[in-house]
Undergrad: 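Take this structure, written in structure tokens, and hold onto it; I'll ask about it next.
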Amino acid sequence: CWWGRGVIQTTGPCNFGKLNYYLGARAAKEGRDSAYPSIDFCKDPEIICSSSKYKELKWIAGMFYWMESVQQYNEGGWNYMEKLRKFVDGGFQDRGFIDAVSGIVNRGCHNPPCGTGAVDGGNER
């Protein structure tokens, strides 16, 4: 069961595997520093939301996804960091930036629909 968990829903074996590789039991097992050496995110993905010891995991997983997938986004001439600078310099007025980032987070592309459908609630923003 790989449904989403956390503030930005961590989904799929690849994303849980990355958490495990960099922050969890796999990092510790392979001799790297690990913030959560006793947690195997692949064996227990629900730990992101169910841990009473590590309540911050839902935020850590969301931040990890943001840094790994959103901040690094550079596809089809659309670079997140460049567009972010323009958005800030423009006084936070460009609704297109918000829609594009929502597309990256929810659909995997900056210009939905991209195989998974349109961004939900776009007209209400």
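Please read all numbers here as calculations on a predicted model, not as lab measurements. Values below: all heavy atoms of this structure, side chains included; hydrogens, waters and symmetry mates excluded.
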Undergrad: Sequence neighbours left out, what passes side-chain hydrogen bond (donor to acceptor under 3.5 Å, both in side chains) with Glu75? Give chain and number order.
TA: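 For Glu75, no residue satisfies side-chain hydrogen bond (donor to acceptor under 3.5 Å, both in side chains) once neighbours in sequence are set aside.
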Undergrad: May I ask you to test the Ile47-Ser50 pair for a side-chain heavy-atom distance under 4.5 Å?
TA: yes
Undergrad: So do Trp66 and Gln71 actually touch side chain to side chain, heavy atoms under 4.5 Å?
TA: yes
Undergrad: Linking I/L/V/M/F/W/Y whenever any side-chain heavy atoms sit under 4.5 Å apart, do Met67 and Phe16 land together?
TA: no
Undergrad: Working to the nearest 0.5 Å, report the span between SG of Cys42 and CG of Leu19.
TA: 8.5 Å
Undergrad: Please collect all salt bridge (Lys or Arg N to Asp or Glu O under 4.0 Å) contacts where either partner lies in residues 21-35, sequence neighbours excluded, each pair once.
TA: Arg26-Glu30, Glu30-Arg32
Undergrad: If you compare all heavy atoms of Trp78 against all heavy atoms of Val101, which two are closest, and at what distance to 0.1 Å?
TA: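 In this case the closest contact between Trp78 and Val101 is CH2-CG2, 4.2 Å.
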Undergrad: Taking atom CD1 of Ile104 and atom NZ of Lys83, what is their separation to the nearest 0.5 Å?
TA: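 Those atoms lie 10.5 Å apart.
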Undergrad: Counting only N and O atoms by type, is there a donor-acceptor contact under 3.5 Å from the side chain of Asn20 to the main-chain atoms of Phe41?
TA: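 Side chain of Asn20 to backbone of Phe41: a pair is present.
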Undergrad: Tyr80: what forms a side-chain hydrogen bond (donor to acceptor under 3.5 Å, both in side chains) with it, not counting sequence neighbours?
TA: none
Undergrad: Suppose the criterion is disulfide bond (SG atoms under 2.5 Å apart): which pairs have a residue in residues 59-111, not counting sequence neighbours?
TA: Cys109-Cys114
Undergrad: For Asn79, enumerate each residue passing the side chain to side chain contact (heavy atoms under 4.5 Å, CB included) test, keeping only those at least two apart in sequence or located in another chain.
TA: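 Partners of Asn79 by the side chain to side chain contact (heavy atoms under 4.5 Å, CB included) criterion, ordered by chain and then number, come out as Asn74, Met81, Glu82.
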Undergrad: Tell me, please, which residues at least two apart from Arg85 pass side-chain hydrogen bond (donor to acceptor under 3.5 Å, both in side chains).
TA: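 Arg85 satisfies side-chain hydrogen bond (donor to acceptor under 3.5 Å, both in side chains) with no other residue.
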Undergrad: What pairs with Ile60 under side chain to side chain contact (heavy atoms under 4.5 Å, CB included), at least two apart in sequence or on another chain?
TA: Leu23, Tyr36, Glu56
Undergrad: Which heavy atom of Phe87 sits nearest a heavy atom of Ile98, and at what distance?
TA: CZ-CD1, 3.8 Å
Undergrad: Taking only residues two or more places apart in sequence or in another chain, which ones pass side-chain hydrogen bond (donor to acceptor under 3.5 Å, both in side chains) with Gln93?
TA: none
Undergrad: Who pairs with Ser69 by side chain to side chain contact (heavy atoms under 4.5 Å, CB included), at least two apart in sequence or on another chain?
TA: Tyr65
Undergrad: Taking the side chain from Ser34 and the backbone from Gly24, do they hold a donor-acceptor pair closer than 3.5 Å?
TA: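 Pair found, side chain donor or acceptor close to backbone of Gly24.
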Undergrad: Identify the heavy atoms of Tyr73 and Gly108 that sit nearest to each other, and give their distance.
TA: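 Nearest pair, atom of Tyr73 first, then Gly108: CE1-O, 4.0 Å.
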Undergrad: Sequence neighbours excluded, which residues qualify as ring-ring contact (aromatic ring centres under 6.0 Å, His included) partners of Phe64?
TA: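 By the ring-ring contact (aromatic ring centres under 6.0 Å, His included) rule, Phe64 matches Tyr22.
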Undergrad: Leu57 and Ile48: which non-hydrogen atoms are nearest, and at how many Å?
TA: CB-O, 3.6 Å
Undergrad: What distance separates Asp89 CG from Leu84 CG, expressed to the nearest 0.5 Å?
TA: 9.0 Å
